[in-house]
2 protein chains.
Amino acid sequence: MPVTIRDVAEAAGVSITTVSRALNGYADVSPETRKRILQIAERLNYRPNHVARSLVRQRTQTIGLLVSDFGKSRTGHHFMFDVLAGVYERLAELGYDVSLVSTTTAQQHLVSYLDFCTERRFEGVIVMGIRLDDPYVHEVVESPLPSVVIDLPLLSDHCGYVMTDNINGAKFAVRHLFQQGHRHIGFVNGYAQAAVSADRLRGYKEGLRTVGLPFEPALVYESDFSLAGGAQGFRELRQGYPDVTAIFFASDLMAIGGMREALANGLRVPEDLAVVGFDNIDLTELVSPTLTTVGQHRYEMGMTAAEMLIGMLERDEPPQGRLLAPELIVRESG
Amino acid sequence: MPVTIRDVAEAAGVSITTVSRALNGYADVSPETRKRILQIAERLNYRPNHVARSLVRQRTQTIGLLVSDFGKSRTGHHFMFDVLAGVYERLAELGYDVSLVSTTTAQQHLVSYLDFCTERRFEGVIVMGIRLDDPYVHEVVESPLPSVVIDLPLLSDHCGYVMTDNINGAKFAVRHLFQQGHRHIGFVNGYAQAAVSADRLRGYKEGLRTVGLPFEPALVYESDFSLAGGAQGFRELRQGYPDVTAIFFASDLMAIGGMREALANGLRVPEDLAVVGFDNIDLTELVSPTLTTVGQHRYEMGMTAAEMLIGMLERDEPPQGRLLAPELIVRESG
DNA sequence: CCAAGCATCCAAAACGTTTTGGAAAAACCC
DNA sequence: GGGTTTTTCCAAAACGTTTTGGATGCTTGG
């Protein structure tokens with residue numbers, strides 16, 4: 001029962017062509033008719049049907065927002081919500097709709113990610129929360145559907161990425177700890193399947209090199225980004241290398257886990273053990289001591305991804321790999 | 001140039017009607033032709049165009065997810081992400097797509113929320129993060145577009161809601177503190193514009209009554225859900241009513257703020273002051289002492305909202321007000 | 001006054017599906 | 001063998017727009 005363009009046309013005594021052109025601001029309709037049509041459209045409360053428009057224009061103006069798996073992911077909440085907000089806001093400004101897609105959904109429907117998106121005629125996709133070992137990775141990179149991936153350095157003809165400069169982030173952390181006088185700086189990394197892990201390890205090593213400290217394998221432990229994993233990381237490092245006086249954790253959650261374990265073992269933070277995290281989640285300001293960390297600009301990451309994608313779509317810009325500067329935020333823990 | 005149903009029809013030497021019926025599992029197509037068509041569709045990698053289908057079927061199978069304002073809302077991240085995940089997962093299971101809408105976007109486009117949704121032919125809307133004093137509230141309730149609101153008790157012909165049973169949640173907290181021996185129990189509430197605030201105050205009062213304690217106005221302070229607001233609340237209550245031995249805060253963030261202020265003032269928690277929060281955010285397990293709180297089942301709230309909406313759409317079920325049971329989670333703080 | 005240009009309008013095709021109302025052929029019943 | 005049913009298929013309409021390619025009448029320039 002919704003009112004169509006035909007209803008407006010009949011009420012105005014003109015053809016639907018004229019109504020369409022009047023409403024879309026074309027030149028070849030006289031001022032009086034245009035005014036009359038606008039009034040009638042208003043009076044009838046006419047709303048153009050986006051579906052019909054999409055069909056004939058062959059443009060849905062819709063972007064898919066692919067989240068690796070919505071339900072499960074306990075970690076990354078803090079991270080993802082802000083990125084998502086950034087993506088959404090920018091796309092909305094640019095006149096695009098955003099439709100959610102989860103990898104699990106596509107699987108349920110027994111169609112590939114790409115098929116899912118083509119059926120809906122998405123014009124592009126923004127991908128977040130995906131892992132290096134995710135089977136979807138290949139599909140995303142190779143698919144002709146324009147895409148921008150967040151936090152994974154995938155670059156191809158139709159696929160760009162946005163991530164924080166994790167190498168420099170880790171270097172900042174190491175340099176800062178060095179400047180605070182530490183000479184035995186440990187590193188607790190996240191799991192290897194996360195793309196950021198390799199970069200942060202590299203940054204840690206480079207950081208040590210630039211300040212002139214040797215790299216000690218016993219000072220590195222690979223964990224899993226979780227709170228418990230951080231505590232575990234602290235214990236392992238302390239056991240394998242008792243002289244450690246500072247630990248850089250690849251996530252705030254791990255840093256908090258490690259810090260609590262240290263406090264529980266009677267160490268003082270930062271006097272006996274300095275702690276630096278990564279991400280700058282809300283929690284960092286709420287724990288005590290407050291957590292020194294390397295901050296990522298999450299909202300901006302989302303906005304940047306959105307802009308890159310639209311650039312590719314509307315101005316044929318080539319996909320790029322964009323690194324956003326991290327920010328060292330010094331608080332009480334180190 | 002995506003392949004259409006016509007391409008498949010030509011390749012198979014049949015009409016597009018037959019292709020459509022074959023692919024959609026209708027009876028009146030012979031097994032051999034069906035098999036042939038399926039093979040050819042597969043070979044050509046045919047994907048039905050959802051836009052065209054939506055147009056002719058007059059059904060988009062798309063639900064709008066209205067978030068009050070995405071960009072700004074600093075508080076509520078934890079809350080919203082889980083709810084959002086629940087909504088999405090359930091709707092996806094039920095075969096619906098989810099499109100994001102922010103109140104700010106609609107404003108930018110100078111169309112009302114309802115117009116925004118009608119243009120896109122959303123079949124229903126789920127609303128979250130909206131406040132009592134939001135101008136959109138009226139629109140949502142009165143609009144003929146089926147909707148379910150989260151955390152706001154709006155009920156009408158086309159509008160249901162899902163929220164935690166805040167009254168009982170508050171009662172649980174008070175009863176628990178009473179059972180721990182407390183006889184002077186304070187309450188720091190959130191701002192009055194949040195719909196949940198009225199309920200929590202009511203629950204607090206009812207809780208007092210059921211355990212036989214008098215209601216003291218000096219034991220209630222209205223704050224703003226924030227960390228600082230919690231600290232402020234603690235100070236005000238302590239000043240106006242020095243005998244207070246336990247405080248129930250209407251949010252975990254306030255509880256933590258209040259608790260930290262208490263600790264800073266030399267009080268022991270829970271010995272000198274017992275503290276109970278509301279929400280069960282991640283942080284509650286990370287502070288020390290860990291926080292006793294009233295937990296909400298956020299993911300379930302999302303799922304329930306999704307189910308109610310689809311019930312209204314597909315089975316003409318009347319909109320309801322559903323209250324989800326809260327859960328008292330006893331930890332160290334009280 | 002004629003040709004050309006301009007302003008204003010419209011009929012019809014197109015977008016890619018689903019669905020309706022048969023039609024043709026085959027199978028069945030007595 | 002004639003009627004009826006069943007099976008298998010299809011042409012055409014419909015969904016609500018945009019866009020193409022004129023058509024009509026009026027104005028203008030020489």
Side-chain angles (χ1 to χ4, degrees), chain A residues 1-38 40-41 44-62 95 97 111 115 117-123, chain B residues 1-38 40-41 44-62 95 97 111 115 117-123:
Chain A
M1 357 248 135
V3 28
T4 75
I5 199 175
R6 178 161 285 110
D7 300 327
V8 179
E10 281 172 14
V14 297
S15 76
I16 60 171
T17 307
T18 306
V19 176
S20 175
R21 302 188 73 89
L23 293 177
N24 291 321
Y26 283 72
D28 65 348
V29 41
S30 78
E32 309 92 70
T33 2
R34 157 165 294 130
K35 200 174 137 202
R36 189 158 43 91
I37 290 176
L38 285 175
I40 292 180
L44 296 183
N45 200 21
Y46 167 71
R47 290 292 138 195
N49 185 331
H50 266 50
V51 180
R53 177 178 296 178
S54 294
L55 182 61
V56 64
R57 281 203 182 149
Q58 298 281 70
R59 292 205 51 196
T60 56
Q61 302 237 102
T62 301
D97 285 358
V111 298
D115 291 344
C117 295
T118 14
E119 286 183 357
R120 286 157 181 77
R121 298 303 188 263
F122 291 160
E123 300 187 10
Chain B
M1 313 310 126
V3 27
T4 75
I5 200 175
R6 178 161 283 108
D7 301 326
V8 178
E10 280 171 14
V14 296
S15 76
I16 59 170
T17 307
T18 305
V19 175
S20 175
R21 303 187 74 88
L23 294 177
N24 291 320
Y26 282 73
D28 65 347
V29 41
S30 78
E32 309 93 68
T33 1
R34 157 165 293 130
K35 199 172 137 201
R36 189 157 45 91
I37 290 176
L38 285 175
I40 291 180
L44 296 184
N45 200 22
Y46 167 71
R47 290 291 137 198
N49 185 331
H50 265 51
V51 180
R53 177 178 299 180
S54 293
L55 182 61
V56 64
R57 281 202 182 151
Q58 298 282 70
R59 293 204 49 196
T60 56
Q61 303 236 104
T62 301
D97 285 357
V111 299
D115 290 345
C117 294
T118 3
E119 286 183 356
R120 286 157 183 77
R121 297 302 188 266
F122 291 160
E123 300 187 10

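Chain letters run A, B, ... following the sequence lines, proteins first and then strands; every chain starts at 1. Remember, predicted model here, so these are calculated numbers, not experimental data.
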Point to revise | Qualifying residues under side chain to side chain donor-acceptor pair (under 3.5 Å), relative to B:T33, sequence neighbours excluded | key: B:S30

Exercise for review: Give the nucleotide from the list C:dT17, C:dC15, C:dT19 with an atom nearest to the side chain of B:R57.
Suggested key: C:dT19

**Study point:** N/O (side chain, A:Q58) to phosphate O (OP1/OP2, C:dG16) under 4.0 Å
**Key:** yes

**Study point:** Audit row: A:V8, A:L44, side chain to side chain contact (heavy atoms under 4.5 Å, CB included) steps and yes/no
**Key:** CA-CA 7 Å; A:V8 179; A:L44 296 183; 4.3 Å; yes

Practice item. Send over the distance from A:R121 CZ to C:dG16 C1', rounded to a whole Å. Key: 8 Å

Practice item. Could you pull out all residues at least two apart from B:A12 that satisfy side chain to side chain contact (heavy atoms under 4.5 Å, CB included)? Key: B:V14, B:R36, B:I37, B:I40

Review point. Which part of the nucleic acid, if any, lies within contact of B:T4, taking any heavy atom under 4.0 Å across all strands shown: a base, the sugar-phosphate backbone alone, or nothing?
Key: sugar-phosphate

Point to revise | Side chain A:N24, main chain A:Y26, donor-acceptor under 3.5 Å | key: no

Check your understanding: C:dA12 P sits how many Å from A:R6 CZ, rounded?
Key -> 13 Å

Practice item. To the nearest Å, give me how far apart CD (B:E10) and P (C:dT17) are. Key: 13 Å

Study note, to complete from the structure: Residue pairs passing the salt bridge (Lys or Arg N to Asp or Glu O under 4.0 Å) test with at least one member in residues 5-16 of chain A, sequence neighbours excluded, are none

**Study point:** Qualifying residues under side chain to side chain donor-acceptor pair (under 3.5 Å), relative to A:T60, sequence neighbours excluded
**Key:** none

Distances under 3.5 Å between protein N/O atoms and the N/O atoms of nucleotides 8-11 of chain C, please, pair by pair.
unit_1	atom_1	unit_2	atom_2	d
C:dC9	OP1	A:T33	OG1	3.3
C:dC9	OP2	A:S30	N	2.9
C:dC9	OP2	A:S30	OG	3.3
C:dC9	OP2	A:T33	OG1	2.7
C:dC9	N4	A:D28	OD2	2.6
C:dC10	OP2	A:S15	N	2.8
C:dC10	OP2	A:S15	OG	3.3
C:dC10	OP2	A:T18	OG1	2.7
C:dA11	N7	A:T17	OG1	3.4
C:dA11	N6	A:T17	OG1	2.8

Study note, to complete from the structure: Across all chains, not counting sequence neighbours, the side chain to side chain donor-acceptor pair (under 3.5 Å) partners of A:S54 are none

Check your understanding: To the nearest 0.5 Å, how far apart are CZ in B:R120 and CG in A:N49?
Key -> 11.0 Å

Check your understanding: Is a side-chain donor-acceptor pair under 3.5 Å present for A:S20 with A:T17?
Key -> no

Review point. What does the inter-axis angle of the helix from C:dC1-D:dG30 to C:dC30-D:dG1 come out as, five pairs per end, nearest 10 degrees?
Key: 50°

Practice item. Please list residues of residues 46-56 of chain B whose heavy atoms come under 4.0 Å from any atom in DNA chain D, ordered by number; otherwise none. Key: B:L55, B:V56

Point to revise | With A:T62 via side chain to side chain donor-acceptor pair (under 3.5 Å) - residues at least two apart | key: none

Revision key, fill the gap. B:L23 atom CG is separated from C:dT18 atom P, nearest whole Å, by 8 Å

Check your understanding: So which pairs with a foot in residues 12-30 of chain A pass salt bridge (Lys or Arg N to Asp or Glu O under 4.0 Å), sequence neighbours left out?
Key -> A:R21-A:D28

Check your understanding: Which is it for A:Y46 and A:V19 under the side chain to side chain contact (heavy atoms under 4.5 Å, CB included) test, yes or no, and what are the steps along the way?
Key -> CA-CA 11 Å; A:Y46 167 71; A:V19 176; 5.5 Å; no

**Study point:** Integer-rounded Å distance: C:dT19 P and B:R59 CZ
**Key:** 11 Å

**Study point:** Working for side chain to side chain contact (heavy atoms under 4.5 Å, CB included), residues A:T4 and A:I16
**Key:** CA-CA 10 Å; A:T4 75; A:I16 60 171; over 6 Å; no

Review point. Salt bridge (charged side-chain N to carboxylate O under 4.0 Å, His left out) with A:R59: which residues, sequence neighbours excluded?
Key: A:E123

When you compare the protein's N or O atoms with those of nucleotides 24-28 of chain C, which come within less than 3.5 Å of each other, and at what distance?
none

Review point. Between A:Y26 and D:dT19, is there a side-chain N or O to OP1/OP2 distance below 4.0 Å?
Key: yes

